[in-house]
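Working notes, structure below.
These values consider heavy atoms only, across backbone and side chains, with no hydrogens, waters or symmetry-generated copies. Whatever order the structure lists ligands and atoms in, that order sets their numbers, starting from 1.
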Amino acid sequence: MKFYLDTANVEEINRINRLGLLDGVTTNPSIIAKEGRDFEETIKEICSIVDGPVSAEVIGLTVDEMVEEARNIETWADNVVVKIPMTEAGLEAVHILSKEGIKTNVTLIFSVAQGLMAAKAGATFVSPFVGRVDDIGEDGIELIQNLNQTLINYNFDTEIITASVRTIGHLEKAAVAGAHIATIPGSLLPKLWKHPLTDNGIQQFLADWEKVPKKAETLS
Ligand code: G3P
């Protein structure tokens, strides 16, 4: 499973990148707003750090606006991917952009039908939002399982980015379901390597090490 960070925070990105765990980054207007920096400058900096796709979202809602923004965003870096919302205009824009070889990530996917249509329109990535599906009392992981099986059934190259990941359980279950990618908040990812039994084990080993006779003590 590829790990993306769902953040525009350069410190978080560098921290995970140093571990060799980072395969890409996703952003959206809310994430960009949190950093209080210029959009283009932020995306260009992230693209220069990350060796993988970096999603930057359009703001326009009409086909023409989305296509124009996408063509501009695409010039910012070789690894930039244009994020497009799942609407009728979005599907048309994705279709146009895919014919131009511009990579797209269709976002705000909440059903198998939406994911299937985005793939048919030519999306490089689709982003189903597991946490927000859970929020309305449905099962976000079931959506990942069903969408993944659907894309397999029809041999699509489109990759699933599991988005709105809120818990370690979301990540693990999406991996078991076969999602290609999880995009993980910067605050959640460090929790993946923590386990209380690991910490207890280290403490126990250090305590026991104190009981091992050291060379100087053995000689005296
Ligand atoms: O990846 C999408 C994400 O940024 C939305 O997450 O937790 O606001 O539903 P959340």
> Just by modelled atom types, is the R132 backbone N or O under 3.5 Å from a matching donor or acceptor in the S164 side chain?
Replying inline: yes
> If you measure from the Lys or Arg side-chain nitrogens to the Asp or Glu carboxylate oxygens, is any gap between D135 and R166 under 4.0 Å?
Replying inline: yes
> Taking atom types as modelled, is there a side-chain donor on Q149 or N153 under 3.5 Å from an acceptor on the other?
Replying inline: yes
>> Under 3.5 Å, is there a donor on one side chain and an acceptor on the other for Q203 and D199?
In response: no
>> Among residues at least two apart in sequence or on other chains, which ones pass ring-ring contact (aromatic ring centres under 6.0 Å, His included) with F156?
In response: none
> Under a strict 4.0 Å criterion on non-hydrogen atoms, which protein residues are in contact with ligand 1?
Replying inline: D6, N28, I31, F129, R132, A163, S164, R166, T183
> Does atom NE2 of H95 have more than 12 heavy-atom neighbours from other groups under 6.0 Å away?
Replying inline: no
